[in-house]
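We use all heavy atoms of the structure for the numbers below, so side chains are in, but hydrogens, waters and symmetry mates are not. Just so it is clear, the model here is predicted, and its values are computed rather than measured.
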Amino acid sequence: MQTATALGTLLKDFDLGNPGGDTEEDTAARGMRYMGEKGFKTKGEFSHKTNKKAVIDEENGEKEAELTGGELVFNPDQTGKMEGFIKKGDEKGLLKFMKDLLSKPQFQD
């Protein structure tokens, strides 16, 4: 969860503009992932050997994180809601929130 929080924080202000198209369907059709504010799931197989991914700071070129396929990245709002449900001990609320969140297009293969 700390990794997801850190990555969400890193991506919060990252502006991809319009990475795929004018609509979510256009973007999905091009195989793009929704980034930053919406969170996302990385593409491809889960393997740090054959499917390396990285989060790069565009200002200084520094690699800030390494990922691989099939990993989920949550934004700070999503993470905050999850942490709130956990803090309250609201398992049903957390499960419903996660079920709804993970059904969104940016978390689909």
*Keeping the roles fixed (side chain from Gln108, backbone from Pro105), state whether a donor-acceptor pair exists under 3.5 Å.*
no

Practice item. May I ask you to check whether over 12 heavy atoms, not counting those of Lys53, lie within 6.0 Å of atom NZ? Key: yes

Here the gap from Lys52 atom NZ to Thr42 atom OG1, rounded to the nearest 0.5 Å, amounts to 15.0 Å

#### Entry: Close side-chain approach of Leu102 to Leu72, heavy-atom, < 4.5 Å
yes

Worksheet item: Taking Thr68 for the side chain and Phe46 for the main chain, is one N or O donor matched with an acceptor at less than 3.5 Å?
Response: no

* To do: Show your reasoning for whether side-chain contact (heavy atoms from CB on, under 4.5 Å) applies to Glu64 and Ile56.
  => CA-CA 6 Å; Glu64 295 188 358; Ile56 306 297; over 6 Å; no

d(Lys41 NZ, Phe107 CZ) to nearest 0.5 Å is 10.0 Å

Has Gln106 got a side-chain atom pairing as donor or acceptor with Lys38's backbone, closer than 3.5 angstrom?
yes

dist Glu83:CD -> Leu94:CG (nearest 0.5 Å) comes out at 11.0 Å

Query - Cluster check Phe74, Leu95: I/L/V/M/F/W/Y, side chain < 4.5 angstrom - result: no

Smallest heavy-atom separation, Gln78 atom then Gly39 atom, equals OE1-CA, 4.0 Å

Interatomic distance, CZ@Phe85 vs NZ@Lys92, rounded to 0.5 Å, equals 13.5 Å

Is it the case that over 12 heavy atoms from other parts of the model lie below 6.0 angstrom from the CD atom of Glu91? no

Rounding to 0.5 Å, atoms NZ (Lys81) and CD1 (Ile86) come to a distance of 14.5 Å

